[in-house]
2 protein chains.
Amino acid sequence: MTNKGRPAQNGKNADDARAALIGAARKKFVSKAYDKVSIRELAQLAGVNSAMIKYYFESKEGLYKAMVTEVTGQVIENIKLHLSSGKFDSIEEFFRSFVEMIKESPEFPLLMLKEMVLNQGVCREYFIERIGFKHMKVFDQVYHHFKDSGKLRADVDPLLFRMSLMSLTLHPWYMRELIGTMEGVQYDEAFLEKMIKHNTQLFQHGCFNEEGKNDQ
Amino acid sequence: MTNKGRPAQNGKNADDARAALIGAARKKFVSKAYDKVSIRELAQLAGVNSAMIKYYFESKEGLYKAMVTEVTGQVIENIKLHLSSGKFDSIEEFFRSFVEMIKESPEFPLLMLKEMVLNQGVCREYFIERIGFKHMKVFDQVYHHFKDSGKLRADVDPLLFRMSLMSLTLHPWYMRELIGTMEGVQYDEAFLEKMIKHNTQLFQHGCFNEEGKNDQ
DNA sequence: TGATTAATTAATTCGCTGGTTAATTAATCT
DNA sequence: AGATTAATTAACCAGCGAATTAATTAATCA
């Protein structure tokens with residue numbers, strides 16, 4: 001019971017047609033609707049036979065879920081890395097960390113949008129379970145952090161604070177391609193920095209005590 | 001050449017299985033991906049035979065387009081009614097008018113999202129042509145209105161102003177169902193009013209001259 | 001070398017969906 | 001009443017795509 005059987009041999013060396021399939025799924029499923037992506041299309045891009053999907057993932061949905069697991073896994077890592085504590089010196093630092101997090105998993109916002117907002121019926125529950133609450137919690141923590149430190153104005157509504165935070169941090173990524181084509185704007189360092197400053201401006205003056213501000 | 005032929009007889013009286021089909025399309029296509037909605041499903045919800053789709057709209061896509069035409073038609077009317085001039089006494093008035101506009105065509109934000117942002121739509125070009133530029137122009141006009149009236153601070157970036165305006169006005173509608181289930185919040189009068197005030201707060205202090213403010 | 005088993009494929013099955021058709025119904029007009 | 005025509009339906013068809021199968025390949029072990 002050691003090393004029998006034909007070894008995996010996609011392309012060069014080791015064990016993975018599996019990895020190739022997940023890679024293909026990452027590309028295709030992010031930019032196209034679930035049903036518009038055929039297993040033949042995926043197999044072709046991965047350079048393997050479509051039956052390999054059954055072999056490794058049981059079904060198309062199995063492959064999709066494996067891909068979601070991989071992406072959300074990375075995102076969870078990045079959230080831990082950049083946003084874990086929820087303890088930020090300033091709201092600007094939060095906006096900057098959030099951008100940093102997204103930059104490392106740029107497929108994520110659209111994937112989430114498709115799963116959670118659109119009822120594609122692929123694995124909404126699974127996705128929400130895996131990432132939804134954890135993700136939402138970040139905004140929650142930010143609210144409480146600033147609330148507890150006494151920097152937030154008393155009249156700021158918790159839900160609306162979180163909602164507007166979400167809107168301003170996520171929506172621009174949904175619009176990325178559109179903004180790119182219509183306005184000719186790339187999401188480069190300079191632009192993202194301007195966005196961070198702009199959002200900071202809005203929140204700093206809109207939700208925070210004037211006396212409590214410590215930088216700029 | 002007057003009144004021959006069998007009269008329309010869906011349910012009660014007059015001329016419309018057609019209307020029933022568009023109604024069904026409005027419900028189904030907004031909450032599900034295009035390919036996940038079958039013509040039988042639509043016909044069943046409308047209470048007619050699926051062949052009626054061919055009869056009235058030539059095809060599934062024809063029905064979809066007819067639905068888009070109806071919704072966007074209403075939206076254009078509502079934009080004219082509530083947002084046409086772009087001349088608002090305050091940013092709060094703009095937020096309120098925008099909410100008013102959306103309330104009368106609540107399917108619109110998600111429909112637009114699917115067509116323009118996600119590649120799930122069927123008639124992206126058609127949709128953009130019909131509503132895209134006209135709609136974007138509203139945010140543009142708001143910027144210029146306040147800029148020209150000297151109320152905006154000099155350092156406010158035009159694109160970021162428009163983007164954040166879009167984010168704050170549209171994103172909450174994408175999240176509507178999610179917020180409903182996760183937070184138990186309904187988008188009723190009271191909540192929408194709070195949202196308007198909150199957004200106003202952000203912009204009033206974040207983008208406008210302090211001396212130029214005239215209410216509250 | 002031959003048994004064993006993992007990896008891979010070509011070919012086939014089968015359910016679903018959009019589309020089509022031909023027949024039926026129910027009204028109006030002459 | 002009989003012709004005409006719009007509205008409606010049941011039944012059917014073709015095509016696609018996911019799933020499945022049965023066979024084949026290529027390695028390891030004994």
Side-chain angles (χ1 to χ4, degrees), chain A residues 1-25 28-29 32-68 119-123, chain B residues 1-25 27-29 31-68 119-123:
Chain A
M1 53 276 296
T2 12
N3 262 349
K4 291 194 179 182
R6 183 182 183 178
Q9 61 189 165
N10 175 267
K12 32 213 72 167
N13 48 348
D15 139 74
D16 284 18
R18 192 194 142 91
L21 278 170
I22 290 197
K28 292 286 182 180
F29 281 127
K32 289 170 75 173
Y34 182 78
D35 285 320
K36 293 272 181 185
V37 182
S38 72
I39 62 169
R40 303 184 219 286
E41 185 182 353
L42 289 163
Q44 192 176 27
L45 180 59
V48 302
N49 187 283
S50 65
M52 296 301 278
I53 291 173
K54 155 103 174 166
Y55 185 70
Y56 280 114
F57 307 99
E58 200 57 32
S59 67
K60 177 184 179 182
E61 188 169 326
L63 168 56
Y64 182 83
K65 278 192 178 177
M67 181 273 289
V68 167
N119 289 333
Q120 281 205 347
V122 185
C123 55
Chain B
M1 52 274 300
T2 15
N3 263 348
K4 289 194 178 182
R6 183 183 184 177
Q9 61 189 162
N10 176 269
K12 31 213 74 167
N13 49 347
D15 139 73
D16 286 19
R18 192 193 142 92
L21 278 171
I22 290 197
K27 280 188 193 131
K28 293 285 183 180
F29 282 127
S31 60
K32 289 170 73 174
Y34 181 79
D35 287 318
K36 291 266 175 178
V37 182
S38 72
I39 63 171
R40 301 183 217 285
E41 185 183 354
L42 289 164
Q44 191 176 27
L45 180 60
V48 303
N49 186 283
S50 67
M52 297 301 277
I53 290 173
K54 155 106 174 165
Y55 185 71
Y56 280 114
F57 306 99
E58 199 58 30
S59 66
K60 179 184 178 183
E61 189 170 326
L63 168 55
Y64 182 80
K65 277 194 178 175
M67 183 272 289
V68 167
N119 288 333
Q120 331 238 344
V122 191
C123 52

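Worth saying up front: this structure is predicted, and the values here are computed from it rather than measured. Residue numbering restarts at 1 for every chain, and letters A, B, ... go by the order of the sequence lines.
- Between the CD atom of Glu41(A) and the C1' atom of dA18(D) there is a distance of 14 Å, rounded to whole Å.
- Remark: Glu41(A) engages Lys28(A), Lys32(A) in a salt bridge (Lys or Arg N to Asp or Glu O under 4.0 Å) (not counting sequence neighbours).
- Taking atom CG on Asp35(B) and atom P on dC16(C), their separation rounds to 16 Å, with Å as the unit.
- The backbone N or O of Val37(A) lies less than 3.5 Å from a partner atom in the side chain of Lys60(A), making a donor-acceptor pair.
- Tyr55(A) has its side chain out of reach of Asn49(A): every pair of non-hydrogen atoms, C-beta onward, lies at least 4.5 Å apart.
- Annotation: side chain of Phe57(B) is in contact with side chain of Arg18(B) (closest heavy-atom distance under 4.5 Å).
- Considering only heavy atoms from C-beta on, Phe29(A) comes within 4.5 Å of Leu42(A) through its side chain.
- Contact check for Glu61(B) versus Tyr34(B): side-chain heavy atoms found under the 4.5 Å cut-off.
- Nearest nucleotide to the side chain of Ser38(B), out of dT17(C), dT8(D), dT9(D): dT17(C).
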Just the atom pairs and distances: protein N or O near nucleotides 19-23 of chain C's N or O, under 3.5 Å.
residue: dG19(C); atom: OP2; partner: Lys60(B); partner atom: N; Å: 3.1
residue: dT20(C); atom: OP2; partner: Lys54(B); partner atom: NZ; Å: 3.1

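- Between Leu42(A) atom CG and dC16(D) atom P the separation is 18 Å, expressed in whole Å.
- For Tyr55(A) and dT9(C), the shortest distance from a side-chain N or O to OP1 or OP2 is not below 4.0 Å.
- Protein atom CG of Leu21(A) is 10 Å distant from nucleotide atom P of dT9(C), rounded to whole Å.
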